[in-house]
Number of protein chains: 2
Amino acid sequence: MKNACETPEEHEGVIKTALADMPSDGAIATMAARFKAISEPSRLKILLALSAGELCVEHITAAVGGNQSAVSHQLKTLKDNRIIKSRRAGKNILYSVDDDHIMTMIKVAKEHLHGDE
Amino acid sequence: MKNACETPEEHEGVIKTALADMPSDGAIATMAARFKAISEPSRLKILLALSAGELCVEHITAAVGGNQSAVSHQLKTLKDNRIIKSRRAGKNILYSVDDDHIMTMIKVAKEHLHGDE
DNA sequence: TTATCATATGATTAATCATTCATATGTAGG
DNA sequence: CCTACATATGAATGATTAATCATATGATAA
């Protein structure tokens, strides 16, 4: 441990713990990709809309604004990253939030917001 | 409500709820920016390291690899988005996770990972 | 007050990404 | 089958961003 600061021993302990708990590069990449998927305002808005319930593409488009192609691309990104899932119902594809972890993250992110203006 | 699919009445209810609960554009932008801040693997890795405890810049750099300048830029992005906070201790700046919401999000994201390979 | 150490910052460049337009796919009804 | 409808996809381009390099700041110690 390099003596870079005045408490290198403490930091040594922290680093040891951090490295022991550190996910693999692949796991980090997956986590990061998921955060990236929900880090564009238009995609986040879609996710917030879907947090109220299942919707077809046209109604998602109506709820968030924008055009069909853009929304479809955004849905693909969200789905590829397992943020949302889809099922077919006749001519329509219905989208919904993938699981409770996502709902929890959205909820926590909203809470963290309180404290900004 | 446009009759885009076979259950427009149900969707109407969902959209009504979604729009009622929808944060402002500004709030969405803030949330999105925070997700973006933790959506780059190198920054996420820094955050995962800091989740074990407070560290100075040089030790963060040692823990995650990379060079001092890059890490410093990444720390700035995380700090600007209130993901981490800092305090000075003599010659050093010590960084730590900003609050419990962030820790919760990281924990939830790790859980969501289980189910991938 | 000068030298050194720890960290931050500005500018540049290369890579990544979102949006758009045009078109394709798949489904249902006639 | 043929048409209309709902959604998806590919290519192109303009915008955003991360990494790097060089330099600046701010603190300590001699």
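Per chain, numbering begins at 1; letters A, B, ... match sequence-line order. All of these numbers come straight from a predicted model, not from anything done at the bench.
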| task | Show your working on side-chain hydrogen bond (donor to acceptor under 3.5 Å, both in side chains) between B:Q74 and B:S42 and close with a plain yes or no. | result | CA-CA 8 Å; B:Q74 289 154 356; B:S42 46; 3.1 Å; yes

| task | Begin with the C-alpha distance, continue with both residues' side-chain angles, and end with the deciding distance and a verdict on side-chain hydrogen bond (donor to acceptor under 3.5 Å, both in side chains) for B:H112 and A:H101. | result | CA-CA 6 Å; B:H112 190 232; A:H101 292 118; 4.9 Å; no

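At a threshold of 4.0 Å, the pair B:K91-A:E6 does not count as salt-bridged, since none of the basic side-chain nitrogens sits closer than that to a carboxylate oxygen.
Heavy-atom distances to DNA chain C give each of B:E6 and B:V71 a nearest nucleotide, and the one nearer the 5′ end belongs to B:V71.
Between the B:R34 side chain and the B:N81 main chain, a donor and an acceptor come within less than 3.5 Å of each other.
Contacts between residues 90-98 of chain A and DNA chain D, defined by a heavy-atom separation under 4.0 Å, are made by A:K91, A:N92, A:I93, A:Y95. For residues 80-89 of chain B, proximity to DNA chain C is found at no residue, defined as any non-hydrogen atom under 4.0 angstrom from a strand atom.
Ring geometry for B:H59 against A:H11 counts as perpendicular: the plane angle is over 60°, on a 0 to 90° scale with 30° as the lower cut.
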Table of protein N/O atoms under 3.5 Å from nucleotides 15-18 of chain D N/O atoms:
{"residue": "D:dT17", "atom": "OP1", "partner": "B:K36", "partner atom": "NZ", "Å": "3.2"}
{"residue": "D:dA18", "atom": "OP1", "partner": "B:R43", "partner atom": "NH1", "Å": "3.3"}
{"residue": "D:dA18", "atom": "OP1", "partner": "B:R43", "partner atom": "NH2", "Å": "2.7"}

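In terms of the salt bridge (Lys or Arg N to Asp or Glu O under 4.0 Å) criterion, A:R88 has no residue partners (sequence neighbours excluded). With sequence neighbours left out, B:H73 forms a ring pair (Phe, Tyr, Trp, His ring centres under 6.0 Å) with no residue at all.
Dense packing is recorded around NZ of A:K85, with more than 12 heavy atoms of other residues, nucleotides or ligands lying under 6.0 Å away.
Closest of all the heavy-atom pairs between A:V14 and B:A49 is CG1-O, 4.4 Å. When every heavy atom of B:V57 is checked against every heavy atom of B:Y95, the shortest pair comes out as CG2-CE1, 3.6 Å.
Side chains of B:P23 and B:I28 form a contact here, defined as non-hydrogen atoms less than 4.5 Å apart. Here the side chains of B:T61 and B:N67 are not in contact, with every heavy-atom distance at 4.5 Å or above.
Taking only distance into account, the side chain of A:Q68 meets the base of D:dA8 through a donor-acceptor pair shorter than 3.5 Å. For D:dT9, the base has a donor-acceptor partner in the side chain of A:S69 [N/O atoms by modelled type, under 3.5 angstrom].
Transitive grouping of hydrophobic side chains (ILVMFWY, heavy atoms separated by less than 4.5 Å) keeps B:V64 and B:L94 in distinct clusters.
Comparing D:dT7, C:dT9, D:dT9 by their nearest atom to the side chain of A:K76 picks out D:dT9.
Overall, the helix from C:dT1-D:dA30 to C:dG30-D:dC1 carries an axis bend of 30° between its ends, with five pairs at each end and the value rounded to 10°.
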